[in-house]
Amino acid sequence: MGTRTFLESEVQNLASRPDLYLKMVALDPTAPTPEEHASKSVTKLRYMQFREQQSSTCSLGFRIEAMKVNIAYKYFKYSS
């Protein structure tokens, strides 16, 4: 049993995407490999694995999207 949060079809898509590279760099400039920096693109699989590492999916096996505090909702987004 694993904690993958994306579809098998996304694993087989090997097209490099510059838009996902920009999103990755915006979150963590040190995350892309030297090859990804050189091509300025990453695959969707690589990006999805990166995002999973940033969420509670990796450590807890499920993702926490929001929590209720004093009748208000707090939405979580990764920030450095």
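Scope of the values below: all heavy atoms of this structure, side chains included, with no hydrogens, waters or symmetry mates. Predicted, not measured: the structure shown is a model, and the values here were computed from it.
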_Qualifying ring pair (Phe, Tyr, Trp, His ring centres under 6.0 Å) pairs with a residue from residues 27-46, counting only residues at least two apart or across chains_ = Tyr21-His37

*Who passes side-chain hydrogen bond (donor to acceptor under 3.5 Å, both in side chains) against Tyr47, sequence neighbours left out?*
none

_side-chain contact (heavy atoms from CB on, under 4.5 Å) evaluation trace for Phe50 with Leu27_ = CA-CA 10 Å; Phe50 165 74; Leu27 292 173; 3.8 Å; yes

*Residues which pass side-chain hydrogen bond (donor to acceptor under 3.5 Å, both in side chains) with Thr43, listed by chain and number, not counting sequence neighbours*: none

*Got a sec, which residues hit side chain to side chain contact (heavy atoms under 4.5 Å, CB included) with Thr30, two or more places apart in sequence or on another chain?*
Asp28

*Among residues two or more places apart or on two chains, list those pairs meeting salt bridge (charged side-chain N to carboxylate O under 4.0 Å, His left out) that have a residue in residues 38-49.*
Glu10-Lys44, Glu36-Arg46

*Sequence neighbours excluded, which residues qualify as side-chain hydrogen bond (donor to acceptor under 3.5 Å, both in side chains) partners of Ser16?*
none

*asked:* To the closest 0.5 Å, what do you measure between OG (Ser41) and CE (Met24)?
replied: 10.5 Å

